[in-house]
Asker: 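Take this structure, written in structure tokens, and hold onto it; I'll ask about it next.
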Amino acid sequence: LAEAPDFHSRGFRGIAHLCAAESHRGGGGRQVGCGVVILGASGVDALHCDGGEGGPSHQNVSTGLTLYGGPWLTVTAAMGPGGGTLGGLRAKDGALFSLRERSDFAATAVALGASPGLVPEFELYKGGGGGGGLVEAAVLGGSGVLLALKVDGDLMAYRLKDGP
């Protein structure tokens with residue numbers, strides 16, 4: 001956060017802890033590449049901070065992101081197989097989406113100073129009015145179980161492989 005004083009001076013809406021699991025045979029599901037994504041007060045701007053697992057000489061790096069399709073109420077982690085992916089609750093209706101990197105975003109755009117972007121990939125839970133939207137969501141570790149809190153106070157639990 002020290003690298004992005006303009007970002008944190010405006011406040012935050014949400015935070016997600018991301019860890020990608022090793023997928024090669026013999027990896028034992030060990031988590032690697034941990035970090036956090038902090039959603040800014042705008043609901044569109046975010047900051048990805050790596051986890052700094054490299055020891056005392058490791059250089060922590062933060063990257064600005066734009067989360068398209070929002071504004072977003074909050075962000076949540078581990079929305080896909082193996083974790084390491086990001087989900088977002090859309091502010092206008094409480095719908096829960098899995099977010100992915102923009103495939104059309106060229107590395108040259110980042111080199112020119114543009115923020116990498118994430119776009120909605122698919123809707124995991126359809127929000128709606130009348131208490132149907134979500135206000136918070138979390139995936140319980142690598143279990144694939146999604147806990148979701150609805151506007152009307154109902155707490156729901158789903159196995160992601162089965163769907164809501």
Side-chain angles (χ1 to χ4, degrees), residues 1-21 31 33-53 60-105 109-110 113-158 160 163-164:
L1 285 175
E3 297 174 10
D6 289 340
F7 176 80
H8 72 76
S9 68
R10 294 186 295 263
F12 309 123
R13 271 196 180 187
I15 188 167
H17 182 251
L18 301 173
C19 282
Q31 293 185 338
C34 293
V36 296
V37 174
I38 302 168
L39 180 62
S42 69
V44 175
D45 298 317
L47 189 67
H48 177 265
C49 303
D50 76 4
E53 289 90 7
N60 289 335
V61 177
S62 63
T63 306
L65 299 170
T66 300
L67 305 184
Y68 296 97
W72 301 95
L73 180 64
T74 192
V75 289
T76 188
M79 300 307 297
T85 60
L86 189 67
L89 287 176
R90 192 168 52 196
K92 75 176 181 179
D93 59 3
L96 178 62
F97 285 85
S98 174
L99 303 171
R100 65 165 174 81
E101 290 184 23
R102 285 180 56 179
S103 58
D104 63 340
F105 201 81
V110 174
S115 290
L118 299 177
V119 295
E121 181 173 26
F122 60 89
E123 193 171 19
L124 295 166
Y125 177 83
K126 185 168 182 64
L134 303 178
V135 293
E136 192 64 58
V139 175
L140 302 178
S143 70
V145 174
L146 169 71
L147 285 182
L149 181 63
K150 291 175 56 177
V151 170
D152 62 10
D154 286 347
L155 180 64
M156 305 176 302
Y158 301 108
L160 289 176

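The figures that follow rest on heavy atoms only: side chains count, while hydrogens, waters and symmetry mates do not.
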Asker: About how many Å separate CG of Leu147 and CG of Leu134, when rounded to the nearest 0.5 Å?
Answerer: 11.5 Å
Asker: Output yes when a side-chain donor or acceptor of Arg13 lies under 3.5 Å from a complementary backbone atom of Ala41, and no otherwise.
Answerer: yes
Asker: Are the side chains of Leu146 and Leu96 in contact, using a 4.5 Å heavy-atom criterion?
Answerer: yes
Asker: Rounded to the nearest 0.5 Å, what's the gap from CG on Leu47 to CG on Leu65? Could you check?
Answerer: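 Rounded to the nearest 0.5 Å, the CG-CG separation comes to 7.5 Å.
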Asker: Identify the residue among Asp45, Val75, Val119 that makes a side-chain contact (heavy atoms from CB on, under 4.5 Å) with Leu67.
Answerer: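 So the option named by the test is Val75.
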Asker: State, yes or no, whether a side-chain contact exists between Pro120 and Arg90 at a heavy-atom distance under 4.5 Å.
Answerer: no
Asker: My understanding is that only one of Thr74, Asp152, Leu89, Leu149 makes a side-chain contact (heavy atoms from CB on, under 4.5 Å) with Val135; could you say which?
Answerer: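 Result: among Thr74, Asp152, Leu89, Leu149, Leu149 is the only option passing the side-chain contact (heavy atoms from CB on, under 4.5 Å) with Val135.
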Asker: Taking all non-hydrogen atoms of both residues, which atom of Pro71 and which atom of Ser42 are closest, and how far apart?
Answerer: CB-O, 3.7 Å
Asker: Using the rule side-chain contact (heavy atoms from CB on, under 4.5 Å), only one of Leu118, Ile38, Val37, Leu86 pairs with His48; which is it?
Answerer: Val37
